**Student:** 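Below are the structure tokens for one structure; questions will follow.
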Amino acid sequence: MNILSIMRSGPVIPVIVIDRLEDAVPLARALVTGGVRVLELTLRTPVALKAIEAIANEVEGAIIGVGTITRPEDFDASVKAGALFGVSPGLTPELVAASRDSSLPLLPGVMTPSDVIAARAAGFTELKLFPAQQAGGVGMLKALGGPFPELSFCPTGGIGAATAPDFLALPNVVCVGGSWLTPGDAVAARDWGRITALAQDAARLGQTA
Ligand SMILES: O=C(O)C(=O)C[C@H](O)[C@H](O)COP(=O)(O)O
């Protein structure tokens, strides 16, 4: 799958942090059961790669990706773990080179017009605006649509259930990302039913957007 088809697979990409490896599979199943198939599991914890591997092997229907790609070596490790796509909070020449050498489709992060120009020059037409709310939110995306009408965005950072529809209504937004589908207290309590309910609400955003 390429990045655009992954972005079109659902209106919301949950950004997931896994501290306990044993939570990975039930959490991913809870999201997929709720209708959210594209999952971004961040490389923020020591168990992240093992968690991706477990989901890739055990959760049918999940489209598992890796988040927080910040180093060239993250590409190989993520492909080996079974990730189907990668997301980075920003983009550097080193990451562009590593991306070219890797089979992992990348959704690179941008925050300024200069970032957008550099990412487009490197061949990327789908971009993550990060941190979206802090960068200017809906107004920023409307402004970027002027000089860059051919580019599509997945804004992430500071977005929640209440504000996601405003982003999804924009012509240059294909999907949004966020951590609100996997609240820390729900994961800590292993409240998978609550996570499925949040996923169902998020999946429905696609029907109204
Ligand atoms: O680790 C990364 O590379 C990320 O992807 C950062 C996340 O996109 C934001 O942390 C989103 O988090 P919220 O603002 O809580 O929705």
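In listed order, ligands and their atoms are each counted from 1. Because only heavy atoms are used, hydrogens play no part in the values below, and waters and symmetry mates are left out as well, while side chains stay in. Note that the coordinates shown come from a computational prediction; the quantities given were computed from them, not determined experimentally.
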**Student:** Mind listing the closest non-hydrogen atom pair of S88 and L95 along with its distance?
**Tutor:**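 Heavy-atom minimum between the residues: CB-CD1, 4.5 Å.
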**Student:** Just verifying a value: how many Å separate L107 CG and C154 SG, rounded to the nearest 0.5 Å?
**Tutor:** 5.5 Å
**Student:** Please confirm whether K128 approaches ligand 1 to less than 4.0 Å, judged on its heavy atoms.
**Tutor:**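 Yes, that is the case, since the closest heavy atom of the residue is under 4.0 Å from the ligand.
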**Student:** Relative to the heavy atoms of E40, which atoms of ligand 1 are at a distance of less than 4.0 Å?
**Tutor:**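 Here the atoms of ligand 1 in question are 5 (O).
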**Student:** Do any nitrogen or oxygen atoms of I159 lie less than 3.5 angstrom from nitrogen or oxygen atoms of ligand 1?
**Tutor:** no
**Student:** Is R190 atom CZ crowded by more than 12 heavy atoms from other residues, nucleotides or ligands, each under 6.0 Å away?
**Tutor:**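 More than 12 heavy atoms, drawn from other residues, nucleotides or ligands, come within 6.0 Å of this atom.
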**Student:** The test is salt bridge (charged side-chain N to carboxylate O under 4.0 Å, His left out); show your working for D185 and R194 and say whether it passes.
**Tutor:** CA-CA 10 Å; D185 59 336; R194 185 172 153 212; 3.4 Å; yes
**Student:** Does a sphere of radius 6.0 Å around CZ in R71 hold more than 12 heavy atoms from other residues, nucleotides or ligands, not counting ones at 6.0 Å or beyond?
**Tutor:** no
**Student:** Go through R29 and E60 one step at a time and tell me if the salt bridge (charged side-chain N to carboxylate O under 4.0 Å, His left out) criterion holds.
**Tutor:** CA-CA 8 Å; R29 282 204 183 112; E60 203 178 322; over 6 Å; no
**Student:** Should T42 be counted as touching ligand 1, given the test is an N or O pair under 3.5 Å?
**Tutor:**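 Looking only at distances, the answer is no, because the N/O contact criterion of under 3.5 Å is not met.
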**Student:** Report yes if S179 has an N/O atom closer than 3.5 Å to an N/O atom of ligand 1; otherwise report no.
**Tutor:**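 There is such a contact, yes.
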**Student:** Give the atoms of ligand 1, by number and element, whose distance to some non-hydrogen atom of G158 is under 4.0 Å.
**Tutor:** 13 (P), 14 (O)
**Student:** If the cut-off is 4.0 Å to any non-hydrogen atom of G178, which atoms of ligand 1 fall inside it?
**Tutor:** 16 (O)
**Student:** Please report which non-hydrogen protein atom sits nearest to atom 1 (O) of ligand 1, along with the residue it belongs to and the distance in Å to one decimal place.
**Tutor:**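 I find the closest protein heavy atom is T68 OG1, 2.7 Å.
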**Student:** Just let me know how F130 lines up against ligand 1, side chain, backbone, both or neither, with a heavy-atom cut-off below 4.0 Å.
**Tutor:** side chain
**Student:** Locate the shortest heavy-atom distance separating V174 from S152; write the atom from each residue and the value.
**Tutor:** CG2-CB, 3.7 Å
**Student:** Do T163 and D166 have a side chain donor and acceptor closer than 3.5 Å?
**Tutor:** no
**Student:** Please confirm whether G177 comes under 4.0 Å of ligand 1, counting heavy atoms of the residue only.
**Tutor:**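 Flag not set, G177 not near ligand 1.
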**Student:** Looking only at distance, does T156 have an N or O less than 3.5 Å from an N or O of ligand 1?
**Tutor:** no
**Student:** How far is atom 6 (C) of ligand 1 from its nearest protein heavy atom, and which residue and atom name does that atom have?
**Tutor:** R44 NH2, 3.2 Å
